[in-house]
Amino acid sequence: MASEHVDVLIVGAGLSGIGAAVHLGLRCPDKTYAVLEARGAIGGTWDLFRYPGVRSDSDMYTLGYSFKPWTDPKAIADGESIRRYVRQTAREYGVQEHIRFHHRVVRAEWDSATARWTVHAHRDDTGEDTTLTCAFLFTNSGYYRYDEGYTPPLPGVERYAGTLVHPQHWPEGLDVTGKRVVVIGSGATAVTLVPAMADTAAHVTMLQRSPTYVISLPSRDAFADAARRWLPPKAAYAVTRWKNVALGVANFQLSRRAPGLVKRFLRRAAKGRLPVGYDVDRHFSPRYDPWDQRLCVVPDGDLFTALGEGRATVVTDTVYTFTEHGIRLTSGEELPADIVVTATGLNLLALGGMTLAVDGADVDLASTIAYKGMMLSGVPNFAMTIGYTNASWTLKADLVATYVCRLLRHLDETGQQIVTPDAPDTDDLVPIIDLQSGYVLRAVDQLPKQGPRAPWRLHQNYPRDVRLMRHGPLTDGVRFARAGAPATAAAATSGGPDA
Ligand SMILES: Cc1cc2nc3c(=O)[nH]c(=O)nc-3n(C[C@H](O)[C@H](O)[C@H](O)COP(=O)(O)OP(=O)(O)OC[C@H]3O[C@@H](n4cnc5c(N)ncnc54)[C@H](O)[C@@H]3O)c2cc1C
């Protein structure tokens, strides 16, 4: 039986996948599409994570879509509000009826003769395997494993008689009231959880191996509030978005060019919010430079307030062993704990775990080079969304989706069916994600690389990417062809079919 065929197959119904479908519907209304989603719900990250206080750490004027103003007064929003925004978008733009839930894509095979992908999905609900074909495959599957968060080895944990929880798998209804809680970790999740639980817990201790940069930002944006009063919603959203983009770019550039200055500024800002005599250097002055890892944002200084009021404590030390009633540290100190939360991170996963093959040969992701941070060398009619590491994810996701639409229209206008990035001739390759965070370093060897310069280098700079991707050429570094042309440049020059 022939498989069902769509023009574009989108993998993932999270923030990016829903945005991609909307862009496609608006810019290429004649294209048929389907969205395959492994889970039973829309929202991805914002549906999965349910720990207390879960929220964005970017402002929603840049984490929201370019086409749908974020109108909630909260600039830093809770997970529930973001989930609602993504679902509303799917309903409002008619994406909902294109989504097939419980379809986990496991493999996609490209065939140059027919210019089609055959995409294999497994239904976790019924156990069935299904197959679709598509002309263009667009993965929006996020960047980490959904089934398992990262937990490092925890010596002696089998002896621990309390409750051990990973934020990615938060037990519904876990009551922390009156409990002594230890949160292991110092990243965005830990700094969110600590003040949220300190409201009701007996005490919360954040146990970190080493400090992270933590910066307080207002949860409401006074500029956005004023813009909303004076301008129509779309204009107010656009000016606030650009204001925040400009601030973000300026902060990042300053951190790169004058790290010492930014370090001193962050230290002074943290010190100003902490009690007199607090050991800022021990607990809030990292050894690395700002933006070697993501900065952690705390809205209205909530973490610093909890520390100042004595409801929470930061301990910088390492776990020697778990005991029956808590954790013994390397320093010898004991931390009694009814609940231990391992906010120790994510397991990075490329392309939602799916494998790719091109004309019968498996694609080794680690030996591909990312084109404009969104396509892969030697892989035809394929795009993936990976957001910025130094700015809101959606800024890049919007650009990738609009670029895919430009490419699709270009193919139609020129009567061609295939677009393939051809790898640049260089050994000067670096990892696709340029952060030094543990979760990146653990997986970086399995990920695509990037080259020395555009279009093979990711800028991590939104205004520059707007020029490159919205207005720049479509033809640099890629080969366009008709169905039947071989996928690799080598095969093309040696005279494959219809070369
Ligand atoms: C706790 C947390 C907070 C964050 N806060 C911010 C923030 O403030 N700002 C920011 O910019 N970024 C933040 N991020 C990064 C965040 O993941 C992105 O902002 C954004 O949610 C990514 O959206 P996405 O749709 O690309 O991926 P996801 O949200 O991960 O969604 C991917 C979807 O694809 C589905 N999927 C995956 N593999 C397959 C497959 N093989 N087949 C079918 N479906 C599949 C998943 O089930 C999921 O629904 C945060 C991440 C986490 C974990």
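Both backbone and side-chain heavy atoms feed into the values below; hydrogens, waters and symmetry mates do not. In this text, all values refer to a predicted model and were calculated from it rather than measured experimentally.
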* **Residues in salt bridge (Lys or Arg N to Asp or Glu O under 4.0 Å) contact with K263, at least two apart in sequence or another chain** => D289

Taking all atoms of both residues into account, what is the closest heavy-atom pair of [X] and [Y], and its distance?
| X | Y | result |
| --- | --- | --- |
| T344 | Y150 | OG1-O, 2.7 Å |
| K243 | D221 | NZ-OD2, 2.7 Å |
| E148 | H169 | CA-NE2, 3.6 Å |
| H283 | Y278 | CD2-OH, 3.7 Å |
| N461 | P463 | OD1-CD, 3.0 Å |
| G451 | L429 | CA-CD2, 3.9 Å |

* Would F284 and L307 count as a side chain to side chain contact (heavy atoms under 4.5 Å, CB included) if you check the C-alpha gap in whole Å, the side-chain angles of each, and the deciding distance to 0.1 Å? -> CA-CA 12 Å; F284 287 101; L307 295 175; 3.7 Å; yes

* Is a side-chain donor or acceptor of S216 paired with a backbone partner of G301 at a separation under 3.5 angstrom? -> yes

* To do: Assign the ring pair Y144 / Y146 to parallel, tilted or perpendicular, where the plane angle (0 to 90°) is split at 30° and 60°.
  => parallel

Nearest 0.5 Å please: distance from the [atom1] atom of [X] over to the [atom2] atom of [Y].
| X | Y | atom1 | atom2 | answer |
| --- | --- | --- | --- | --- |
| R457 | Q450 | CZ | CD | 5.0 Å |
| W70 | M60 | CH2 | CE | 4.0 Å |
| L376 | K449 | CG | NZ | 11.5 Å |
| L399 | R406 | CG | CZ | 10.5 Å |
| T368 | M375 | OG1 | CE | 12.0 Å |

* To do: Report the C-alpha separation of D398 and R241 in whole Å, then their side-chain angles, then the decisive distance to 0.1 Å, and conclude whether the salt bridge (charged side-chain N to carboxylate O under 4.0 Å, His left out) test is met.
  => CA-CA 13 Å; D398 274 337; R241 194 173 166 89; 3.2 Å; yes

* Ionic contact status for D147 with R104, cut-off 4.0 Å ->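 Looking at D147 together with R104, the answer is no, because their closest N to O distance does not fall below 4.0 Å.
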
* Examine W456 together with Y371 and report whether their ring centres are nearer than 6.0 Å. => yes

* Please check if the distance between the ring centroids of Y65 and H23 is under 6.0 Å. => no

* Starting from the C-alpha separation in whole Å, work towards a yes-or-no answer on salt bridge (charged side-chain N to carboxylate O under 4.0 Å, His left out) for D465 and K372. => CA-CA 9 Å; D465 282 350; K372 296 183 180 171; over 6 Å; no

* Would you find more than 12 non-hydrogen atoms of other residues, nucleotides or ligands less than 6.0 Å from F223 atom CZ? ->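 Enclosed.
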
* Asked: T163: what forms a side chain to side chain contact (heavy atoms under 4.5 Å, CB included) with it, not counting sequence neighbours?
  ->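 Partners of T163 under the side chain to side chain contact (heavy atoms under 4.5 Å, CB included) test: V165, L174, I339.
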
* How far apart are the C-alpha atoms of K271 and D279, what are their side-chain angles, what is the distance that settles it, and do they pass the salt bridge (charged side-chain N to carboxylate O under 4.0 Å, His left out) test? -> CA-CA 9 Å; K271 190 170 181 222; D279 195 347; over 6 Å; no

* Sequence neighbours left out, what pairs pass side-chain hydrogen bond (donor to acceptor under 3.5 Å, both in side chains) with at least one residue falling in residues 295-305? =>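 Every pair satisfying side-chain hydrogen bond (donor to acceptor under 3.5 Å, both in side chains) with a residue in residues 295-305: S219-D300.
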
Establish, from distance only, whether the side-chain atoms of [X] and [Y] form a donor-acceptor pair under 3.5 Å.
| X | Y | value |
| --- | --- | --- |
| T426 | D428 | no |
| S58 | S392 | yes |
| R55 | T192 | yes |

* To do: Side-chain contact test, heavy atoms from C-beta onward, threshold under 4.5 Å: evaluate it for F322 versus R159 and give yes or no.
  =>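 SC-SC contact between F322 and R159 ruled out.
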
* Check the pair T62, N244 against side chain to side chain donor-acceptor pair (under 3.5 Å), reporting the backbone distance first and the verdict last. => CA-CA 7 Å; T62 54; N244 287 355; 5.4 Å; no

* Worked check of side chain to side chain contact (heavy atoms under 4.5 Å, CB included) between Y143 and T389 -> CA-CA 12 Å; Y143 61 103; T389 49; over 6 Å; no

* **Given R87, E37, R83, Q88, the one that forms side chain to side chain contact (heavy atoms under 4.5 Å, CB included) with I42** =>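 The option that passes is R87.
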
